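If you're wondering where the values come from, they're calculated on a predicted model, not measured in any experiment.
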Amino acid sequence: MKAKIYVTLKKGVLDPQGRAILSSLSHLGIAGVEDVRVGKYMEVRLKDAAPDDARRLLDDACRRLLANTVIEEYRIEIE
Amino acid sequence: MKAKIYVTLKKGVLDPQGRAILSSLSHLGIAGVEDVRVGKYMEVRLKDAAPDDARRLLDDACRRLLANTVIEEYRIEIE
Amino acid sequence: MKEKPVTLELAREHGLSGEEFERVRAILGRDPNFTELGIFSVMWSEHCSYKSSRIHLKKFPTKGPRVLQGPGENAGVVDIGDGLAVSFKMESHNHPSFIEPYQGAATGVGGILRDVFTMGARPIASLDSLRFGRPDHPRTRYLVTGVVAGIAGYGNCIGVPTVGGEVYFDECYDGNILVNAFTLGVVKRDGIWRGYASGVGNPVIYVGSKTGRDGIHGATMASGEFDEKSEEKRPTVQVGDPFTEKLLLEACLELMKTDAIVGIQDMGAAGLTSSSFEMASRAGTGFTMDLDLVPQREEGMIPYELMLSESQERMLMVAKKGREGEVLEIFDKWDLDASVIGEVTGDGVARIRWRGKTVAEIPVAPVTDQAPLYDRPAARPEWQEALQRNPDPASLPVPADLAGTWMRLMSCPEMADKKWVFRQYDHMIRTNTLVLPGSDASVLRVKGTRKGIALSVDCNSRYCFLDPYLGGMIAVCESARNVACSGAEPIGLTDCLNFGNPEKPEIMWQFRSAIEGMAKACETLAVPVVSGNVSFYNETMGKGIHPTPTVGMVGLLEDAGDRLVQWFDAPGDAVFLAGADRMGECVGGSLYLKEVHGKVAGTPPPVDLDHEKRLQRFLAAAAAEKLLSSAHDLAEGGFACALAECCVTRPDGPIGAKVANPFPASVRPDFVLFAESQGAVLLSCPPGKKGALADAAERFRIKMKELGNVGGEHIDIEGVASVRAADLHRGWRDGFAKTLGLEG
Amino acid sequence: MRIAVPVFPGSNCDHDAYHALKHVVGVDTAFVWHKRSSLEGFDAVVIPGGFTYGDYLRCGAMAKLSPVMDAVRRFAEGGGPVIGICNGFQILLESGLLPGAMMVNESLRFVCEYVHLRAETGRTPFTGGIAPGTVLKIPVAHYQGNYFADDATLAALEERRQVVFRYCDPSGDPTAGSNPNGSARNIAGICNERGNVLGMMPHPERCSEEELGSADGRRLFDSMVAWLKEKGK
Ligand SMILES: Nc1ncnc2c1ncn2[C@@H]1O[C@H](COP(=O)(O)OP(=O)(O)O)[C@@H](O)[C@H]1O
Ligand SMILES: [Mg+2]
């Protein structure tokens, strides 16, 4: 089975990457973009399991490894 | 308006980060994950525009800056 | 965030005592409002006011013929001749690094870099002194990985080489790691800038990143013990942006070439508050500030938040009236936000406005002059005596396999190769690093001159725990000796004093004793303390760290071509032990006692300061006369480990040596190998220079013993133990990553 | 003869390149701010290492958008010699002046250390004085130096002799153990088809003086000077 994980910076945490991208976009003449926040996106393949078990497993993985919960939050989508 | 951009490595491009995560997960005793691919996830805030125009704009941004099409592919979701 | 009504209880939550709160009211002649309470609480925090440490820090010698700027500014400055000076300082970022190792360490590096370039100096090198808990503690690997990556992430990006440091592991740091960062910059003697807000009517300019809600209460966090609630304080973590800091660095140095500004200061802990109050207080002025003009990253920030935010990569400066256009133009070139936010005033009052109203009005001078100052009670702990008395050396069993024990010590993480760490640091950028990490001191050239700068950071906290006075003394001696081993003359030092809770008399006693020991050593060696930092409250649930007064030593080589390294180079070179008469059978506080017998006890090796001074002068003279191939001091692991280091740290691969046992025959073999001593150095020299070297030793009244020669497959201490150099090398090389479970 | 060192926000080996060129090799050298769109009057371009735009998003991704890179492209199209070092190499890849892309090091860690390189071809202006097979001692310092290109591109690179340097052991063998970052086929540097544009991860400017541990890097700059002299510059 497959799952998707989104890791994003918590609100209020500085995102230097997003800021730099924003200013580059305007240099490119791409107008109209007002804000960019950059996060991580992971596609995970799992052994088949009950969705609840899979979620528990990934939640554990996120808290212990994939996300830095001090400054990031995460979201899990199971397909 | 808001949009989401997913940038992922093309199939066939080795993902050192994904591989390292996989081995760390198994060190952590988190079993059952068979594959991880790491990509980027961007949340973009745009000036209101027709969805088609917004898409064209972001497509341009991806091709020129946000993705490196030698190794990456991208997907745009407009909300 | 919402403003809260100010009560004594709220003041207490802000870390102010009842008495301090009364003093605030007396200064203002009324109750403070919420913003003002915030300002006083950070200005009077331990971190900014040094209220528990100031009276003791005065004991350090801070003057000397080379000192251009002692403690009190953003960084100290020492003259190196040729119209140049070096500016340097060390800072701790312990608590933030424990909470978020990558960002905590990264912003620590960012902060110390700003302190140095604020003085007008271009940073040319950094060092890092790191202490973690037990290697097998469940969090240690995570913390080591994160801290090292954070230092690398920031230092490499901004392009300042991290050329050396130290890493230790001990149970006492399980709940409180130490991350101390040192930076040195080079500045023209007549191009030094200071943090003065002088000149009534001059504009106050804010530059750098926009202000967000980062690290609000960071300064007070650094002044409080950890408890379970610390977890909740997490969202205050600051995120570093080394790219913006690189722009800030270049823009500030460009600006400083003009005469458009009068003073400049970085916004470190307590951000806008401390930078503005400190600059005004040094100049005896006041200022107005309009918070609506502060560049802001987040919406709805209130004055309290704007004044206390610790967003990184920001500076405050005072320009000459009418020259603000030039200043803004330079920052615009570097794509940095800059904004005139206020003005210097002559009435000595800070007036802070927001949305058309005055939100704080505080007389500047009393905030610093009347800041609390404590002579906190100090008492030698009851357990100290017993700790020093134990163990009876005679009761320790001699290990059956001495060669195996030797191997084991050399591969324990304290002794093992730190390449896993410094390989992640760009230590070559700026092309000045002549001696790369891996020797007693790193040596940098100063382009445009013949001079070299030698750097080392040291502290044996086991010694400080067992005897803080002696331990403090040893920290200074050892770092000076490391610098001397590279052929340099120690010319100034900075420190980072990491201790537990100063409200406990035994901690205060450790603190006072360590300072007194350090001060004594500094006086005798004639090395001034020009900057430093105090980090208290390194305690978690009542459990404190070993006292850890880290010393960052700066040495000068008049000719960088005279530099020395610690490793043996050529087969056939003669091996000498200088300071041979200093070697005692002291195992107190030794690595051997800890690693092999599981004890941290006894007393550290004695120090003879007068001898230490002569030894260091001798080393510099021998280097300048080109008599030596290498010099390496005896430290952790004693004679055997020092010898092994001479053999295995050689970049071109290990080399053997055959030497005599320098001890009397009556000394136990394990003590011969691993007893520790101060004031002893292993030297190697080409056979043809033996006579001249002996003459030099004689001149400085240094007792020297010829022990043998470099070469062969084995590292052989005749009649005591012998190991294959290649085997020892392998164990030493792989020990760090292996013990910590870090692959590669 | 005049050498350009373009400077982007976040470049940090710019001074090192300048020092090596101007003070060690002794050629006239000048910084060129990235907003400039002309390289008029310059005879060679050395794009220095660093962390342009903080390496945010991808190394070199934002720098490629600077006006000076249009000038570099025109300069290269005219046959002028261009070398991109480390981040400079990444910028050349991102701008499409060289094929392929950089991935993060296999170890996922920054690596700073001396490595050995085997010179594969003398056809570039920077390697004319270095016989193929020569082993150079030179430092690397990067987090993303793991060269990637698809198989067809790699085959074409080999066939057209565009691989200029490979990581190797001290004896010149391109072993797995001597590869510091996982690069495909141990590739450390490549050139364009014409041979005038070279990108390499290792830092020749850091080892152009014996006292720094090696002077092998200087050989690239000496070759460049000889090449320019031959062209009457
Ligand atoms: N955290 C670190 N960062 C950079 N270099 C380090 C670090 N720790 C140790 N080193 C380097 O490794 C070498 C050995 O360190 P250490 O064992 O502490 O030396 P010594 O006992 O001579 O003080 C030194 O050259 C030192 O600069
Ligand atoms: Mg030492």
Top of A:Lys47, A:Gln17, A:Lys2 for chain B proximity - count of heavy-atom pairs under 4.5 angstrom: A:Lys47

Is there a side-chain contact between A:Tyr41 and B:Arg75 in this structure, where contact means two heavy atoms from C-beta onward sitting under 4.5 Å apart? yes

State, yes or no, whether a side-chain contact exists between A:Val36 and B:Ile5 at a heavy-atom distance under 4.5 Å. no

Per-residue tally against chain B (heavy atom, under 4.5 Å) across A:Ala61, A:Ala3, A:Ala54 peaks at A:Ala61

The interface call for B:Ala31 against chain A, heavy-atom contacts under 4.5 Å, is backbone

More than 12 heavy atoms from other groups under 6.0 Å of NZ on B:Lys10: yes

Let me know if B:Leu22 has heavy atoms under 4.5 Å from chain A in its side chain, its backbone, both or neither. neither

Approximate separation, where rounding is to 0.5 Å, of A:Arg37 CZ and B:Glu43 CD: 8.5 Å

Over all heavy atoms of both residues, which pair between A:Arg64 and B:Leu28 is shortest? Give the atoms and the distance, please. NH2-O, 3.1 Å

How many angstroms lie between atom NZ of A:Lys40 and atom CD1 of B:Ile21, to the nearest 0.5 angstrom? 7.0 Å

Atom pair CD (A:Glu34) and CE (B:Met1), whose distance is rounded to the nearest 0.5 Å: 11.0 Å

Drop me the distance from A:Asp60's CG to B:Ile30's CD1, to the nearest 0.5 angstrom. 4.0 Å

pair B:Leu57-A:Val33: side-chain heavy atoms closer than 4.5 Å: yes

